[in-house]
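Notes follow the structure.
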Amino acid sequence: MKIQYSLLKKEENTNARLGKIKTNYGEFDTPMFMPVGTLATVKTLSPEELKNVNAGIILSNTYHLWLRPGEDIVNKAGGLHKFMNWDGPILTDSGGYQVFSLANKENITEEGVPFKNHLNGDSLFLTPEKSIEIQNKLDSDIAMSFDECIGYPAEYDYVKNSVDRTLRWAKRGKDVFNNENQSLFGIVQGGVYEDLRRHCAEELVKMDFDGYSIGGTSVGETKETMYKMVEMSTKYLPENKVRYLMGVGDPIDIIENVIRGIDIFDCVSPTRLARHGHAYTKYGKINIKNAKFKDDFSPIENNCDCYACKNYTKAYIRHLITCNETLGSRLLSIHNIRYLIRLTEDLRKAIKNDNIIEYKEEFKRNYYGKEN
RNA sequence: GCGAAAUUGGUGAAGUGGUUAACACGCCGGAUUGUGGCUCCGGUAUGCGUGGGUUCGAUUCCCACAUUUCGCC
């Protein structure tokens, strides 16, 4: 079956929404933060650890799994869930972000996008049809349309042409889509231009996707610009379908965009920051490598319910990170992911209580205020 | 006891008779938003063993001393 989104409640004072998504691999509440597992693993975490941080759904990547191990291997294993031993929902990104991060923009054609395999230099060509075909085989719960993630800044004419092409790609992907247990999302692009965001959203809605996402944000613009891009996109999306904001995961951005009606987020930062020694806390981000933590035998956060905080001290984790021990990355990843997921849990409570603005103000006072 | 070589930051070290003493590691900070995991960007010796001397000027040349290493008794 397709995913089923239920809108349970709207917050009184903002566009924030409480919802539930049912999938073939269980259900989860929204707003929700989705940890990133590009290569069919959330780096350093086992599926059991992902369960323990309350991850409702994880994200994986079409482009990277296409190169290694190849979609046929995953398919032969019985699909991505069985392959990686994760029995919760999975969303696969289409490779659209790799158009932005790995491909040469000048080489994009109507047909698709040429890539150089970063592992062995082979010439590759990804098309909307190919991306969908790979995702059908990976058998994720939610597949994404193949799009061009546009950078910032970008000229109006470039964005206009790109959006129209992304719409044609969305249609082409939808036409070949063939997996009744999988859902397909369209991606709203359009840069900073409201008429283009609107055009893109409206055309996607006409095509009737199972859900919609907003792309082309967090590519170098200011936070205020990002929030505007989200506003000018959600405005034209139907209330009865889920909305996913791609690549956004800074705590304050999650709050601001939940307020603007976003249901799902994903971001590499909790795990990447963890590998580089950073941890989110109520009072801002800390760098565990700082000398001041050398003999700090308290947990990262006193009231955190994560495995790392319940069992380990900052001094010990600092030591592990300093020595490049993987347990350090793992403990910080567990903490950071749990932090963001708990943030979405708190936001759900705030939506129930209709006090999300107050929640945001208090959060900002703590997060940006003076430490301790 | 005799002879030789060496002595530069936390470490390994490069280097020059004349503005700010290379580089690497470490250390101290910072960055990181649909992941090309262990990356990127800053900062880090007011001083070149100690004391003299030569010189306009010495970390660089000379002398003495100290320390270390190697060889020979």
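All values below were derived from every heavy atom in this structure, side-chain atoms included, with hydrogens, water molecules and symmetry-related copies excluded. Per chain, numbering begins at 1; letters A, B, ... match sequence-line order. Owing to the predicted nature of the structure, the values given are computational and were not obtained by experimental measurement.
Using a 4.0 Å heavy-atom criterion, one finds that T217(A) contacts no nucleic acid atom at all. Within the 4.0 angstrom heavy-atom criterion, base atoms lie near L102(A). Among the protein residues, D147(A) comes within range of the nucleic acid bases, having at least one heavy atom under 4.0 Å from a base atom. Within 4.0 Å of L245(A), counting heavy atoms only, lies no atom of the nucleic acid at all. At the heavy-atom level, T271(A) lies under 4.0 Å from base atoms of the strands shown. Across all strands, G220(A) comes closer than 4.0 Å to no nucleic acid atom at all (heavy-atom distances). Within the nucleic acid shown, E221(A) has no heavy atom closer than 4.0 Å to any nucleic acid atom. The residue H64(A) sits close only to the backbone: its heavy atoms come under 4.0 Å of sugar-phosphate atoms, none of a base. Nucleic acid contact class of D266(A) (heavy atoms, under 4.0 Å, all strands): sugar-phosphate only. When heavy atoms are screened at a 4.0 angstrom cut-off, K116(A) is found touching no nucleic acid atom at all.
Rounded to whole Å, the separation between the P atoms of C72(B) and U16(B) comes to 33 Å. Nucleotides C23(B) and C38(B) place their C1' atoms 23 Å apart, quoted to the nearest Å. Across G36(B) and C48(B), the matching C1' atoms stand 44 Å from one another, rounded to whole Å. For the P atom pair drawn from A14(B) and G9(B), the interatomic distance equals 13 Å after rounding to whole Å. Comparing the C1' positions of A58(B) and U50(B) gives a spacing of 16 Å, expressed to the nearest Å. Remark: the separation of the C1' atoms in U35(B) and U59(B) is 49 Å, to the nearest Å. A22(B) and A45(B) are spaced 9 Å apart, taking the P atom of each and rounding to whole Å. Comparing the P positions of U46(B) and C41(B) gives a spacing of 26 Å, expressed to the nearest Å.
A distance-only check finds no donor-acceptor pair linking the side chain of E301(A) to the backbone of C309(A) [under 3.5 Å]. Under the 3.5 Å distance criterion, the side-chain polar atoms of S333(A) are matched with a main-chain donor or acceptor of S329(A).
Between S218(A) and G34(B) there is no side-chain N or O to OP1 or OP2 distance below 4.0 Å. Note on N61(A): every side-chain N or O is 4.0 Å or more away from OP1 and OP2 of G34(B). Distances shown here put every side-chain N or O of Q98(A) at or beyond 4.0 Å from the OP1 or OP2 atom of G34(B). For the OP1/OP2 pair of U39(B) and a distance below 4.0 Å, the side-chain nitrogens and oxygens of R272(A) include no atom meeting the criterion. Distances shown here put a side-chain N or O of T38(A) below 4.0 Å from the OP1 or OP2 atom of U35(B).
Pairing for U32(B) is absent, judged as Watson-Crick or G-U wobble with the two contacts each under 3.5 Å. Base pairing of C2(B) is made with G71(B), judged by Watson-Crick or G-U wobble geometry with both donor-acceptor distances under 3.5 Å. Pair check for G47(B) finds none; no Watson-Crick or G-U wobble contact set falls under 3.5 Å. Checking U11(B) for Watson-Crick or G-U wobble geometry (two distances, each under 3.5 Å) identifies A24(B) as its partner.
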How far apart are the C-alpha atoms of Y359(A) and D346(A), what are their side-chain angles, what is the distance that settles it, and do they pass the side-chain contact (heavy atoms from CB on, under 4.5 Å) test? CA-CA 9 Å; Y359(A) 179 85; D346(A) 291 346; 3.3 Å; yes

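Side-chain contact check for I300(A) versus I286(A): some heavy-atom pair is nearer than 4.5 Å.
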Output side-chain donor-acceptor pairs under 3.5 Å for residues 29-45 of chain A, partner residues at least two apart or in another chain, one line each.
{"unit_1": "D29(A)", "atom_1": "OD1", "unit_2": "K20(A)", "atom_2": "NZ", "d": "2.8"}
{"unit_1": "T30(A)", "atom_1": "OG1", "unit_2": "G19(A)", "atom_2": "N", "d": "3.2"}
{"unit_1": "T30(A)", "atom_1": "OG1", "unit_2": "G19(A)", "atom_2": "O", "d": "3.4"}

Compile the donor-acceptor pairs under 3.5 Å between side chains in residues 142-149 of chain A and protein atoms, sequence neighbours left out, one pair per line.
{"unit_1": "S145(A)", "atom_1": "OG", "unit_2": "F185(A)", "atom_2": "O", "d": "2.8"}
{"unit_1": "D147(A)", "atom_1": "OD2", "unit_2": "Q189(A)", "atom_2": "NE2", "d": "2.7"}
{"unit_1": "E148(A)", "atom_1": "OE1", "unit_2": "S162(A)", "atom_2": "OG", "d": "2.6"}
{"unit_1": "E148(A)", "atom_1": "OE1", "unit_2": "R165(A)", "atom_2": "NH2", "d": "3.0"}
{"unit_1": "E148(A)", "atom_1": "OE2", "unit_2": "Y158(A)", "atom_2": "OH", "d": "2.6"}

Short N/O separations, protein against nucleotides 26-28 of chain B, under 3.5 angstrom:
{"unit_1": "C28(B)", "atom_1": "OP1", "unit_2": "R318(A)", "atom_2": "NH2", "d": "2.9"}

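The 5' end of RNA chain B is approached more closely, in terms of each residue's nearest nucleotide, by S94(A) than by the other of L39(A) and S94(A).
Distance NE2 (H276(A)) to C1' (A31(B)): 10 Å, rounded to an integer number of Å.
Judged by a 6.0 Å distance limit and a 45° cone about the ring axis, K174(A) is positioned over the six-membered ring of F209(A).
Checked against a 6.0 Å centroid threshold, the rings of Y280(A) and Y367(A) do not count as neighbours.
Among the nucleotides U33(B), U39(B), G34(B), the one closest to the side chain of Y97(A) is G34(B). Nearest nucleotide to the side chain of H278(A), out of U35(B), U33(B), A31(B): A31(B). Distances from the side chain of N324(A) to the nucleotides C38(B), G37(B), G34(B) place C38(B) closest.
In this structure, L340(A) CG and T271(A) OG1 are separated by 9.5 Å, a value rounded to the nearest 0.5 Å.
Using bins of under 30°, 30° to 60° and over 60° for the plane-to-plane angle, the ring pair H335(A)/Y339(A) lands in the tilted bin.
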